[in-house]
Enquirer: 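For reference, the structure I am asking about is given below.
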Amino acid sequence: MTTLTRRQLLQCAGAGAAALAFAPLTAWAADEPPFTVPKLPYAYDALEPYIDAETMKIHHDLHHGAYVTNLNTALKDQPEIAKKGIVAILRDYKSLPETIRQAVINNGGGHVNHTMFWEIMKNNPNGKPSGELAKAIDSAFGSFDKFQTAMNDAGAKRFGSGWAWLVLNNGKLDVISSANQDSPYMNGQSPIMGIDVWEHAYYLKYKNKRPDYLKAWWNVVNWDTVADRYSKALKAKA
Ligand code: MN3
């Protein structure tokens, strides 16, 4: 007897709806969902004392984990959309079916935002950008200090949950904030770096003192990966 995988069964469905009748199909098997949580590129305690290990574990495993699970669920009957990748999906979110649009914005945004967040951090007390990125920041904001103040303001003034962002917007650097998990990709911008200001990102250690978390966060920036994101975003624009 031949055993078909769910993927093969789905392909059979093209030949007739009867193939769909005998199993409750999703578009992919449970062990091969299209979106997965990337492994944290360092230990949970690597960002101590600025971000504590327990916060990192809950944030990465549970919060990011839930966004990915919910994103896979939202797109379970939409393999054609899922295979475009999350950046392309969010850039074109207006074309999503209305029934899943908000779920994809929330959970797809949560997935792409956090994927960036883990990769732009490392333990790097008082680190600063260098090279082309440093020049571009100076030129856009006047100085690194002014840029930092703009980011901290954007994060502190974001009411409720959201993000503070450095984005590339029509070839120019800008600081913005977004609500919830809304991604800058939704506005045609490219996120270069972002600070998660949801309480889940800081509450265990900093309680209600979001500005203290924002101040400490600058000690965990991986400026190499931020510079890499900037150079890739510039090239994509050209
Ligand atoms: Mn978060």
Side-chain angles (χ1 to χ4, degrees), residues 33 35-75 85-87 89-90 93 102-124 148 151-167 175-187 189-223 225-226 229:
F35 300 103
T36 52
V37 181
K39 202 174 172 301
L40 201 62
Y42 34 73
Y44 294 120
D45 64 359
L47 307 180
E48 297 261 13
Y50 310 107
I51 302 182
D52 59 287
E54 191 183 5
T55 294
M56 288 301 291
K57 184 165 172 50
I58 295 170
H59 198 176
H60 175 271
D61 296 7
L62 305 184
H63 288 277
H64 193 167
Y67 296 127
V68 165
T69 299
N70 294 336
L71 177 62
N72 286 327
T73 300
L75 290 173
I86 195 57
V87 170
I89 292 172
L90 289 172
Y93 75 96
Q102 196 58 47
V104 172
I105 289 170
N106 293 344
N107 297 292
H111 177 41
V112 79
N113 294 343
H114 286 87
T115 299
M116 172 216 65
F117 195 55
W118 315 131
E119 78 176 30
I120 64 158
M121 293 195 289
K122 77 167 187 181
N123 205 316
N124 185 21
Q148 247 185 340
M151 284 286 279
N152 287 345
D153 275 359
K157 288 176 185 160
R158 165 52 53 190
F159 184 75
S161 298
W163 291 73
W165 297 101
L166 174 67
V167 297
V175 166
I176 63 161
S177 75
S178 70
N180 305 312
Q181 295 296 352
D182 287 3
S183 159
Y185 290 122
M186 292 163 59
N187 308 321
Q189 301 164 336
S190 295
I192 306 301
M193 65 190 287
I195 313 177
D196 187 343
V197 298
W198 283 58
E199 285 184 346
H200 68 222
Y202 63 85
Y203 209 86
L204 292 181
K205 184 174 174 75
Y206 295 95
K207 307 294 184 283
N208 59 323
K209 298 190 175 97
R210 188 189 288 182
D212 289 359
Y213 157 70
L214 285 163
K215 194 170 164 218
W217 190 81
W218 295 96
N219 293 299
V220 295
V221 184
N222 184 338
W223 287 106
T225 55
V226 175
R229 292 178 62 86

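When a ligand or atom number is given, it counts from 1 through the structure's own listing order.
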Enquirer: Flag yes if more than 12 heavy atoms outside K205 fall under 6.0 Å of its NZ atom; otherwise flag no.
Expert: yes
Enquirer: Of all the heavy-atom pairs spanning I120 and M193, show the shortest one and how long it is.
Expert: CD1-CB, 3.8 Å
Enquirer: Which is the closest N/O/S atom of D196 when seen from the Mn ion (ligand 1)?
Expert: OD2
Enquirer: Please confirm whether the backbone N or O of N222 pairs with a side-chain atom of N124, one donor and one acceptor, at under 3.5 Å?
Expert: no
Enquirer: Is any side-chain heavy atom of L71 closer than 4.5 Å to one of V104?
Expert: yes
Enquirer: Strictly under 2.8 Å, is the Mn ion (ligand 1) approached by any N, O or S atom of H63?
Expert: no
Enquirer: Tell me whether the Mn ion (ligand 1) has H59 as a neighbour, meaning an N, O or S atom of it below 2.8 Å.
Expert: yes
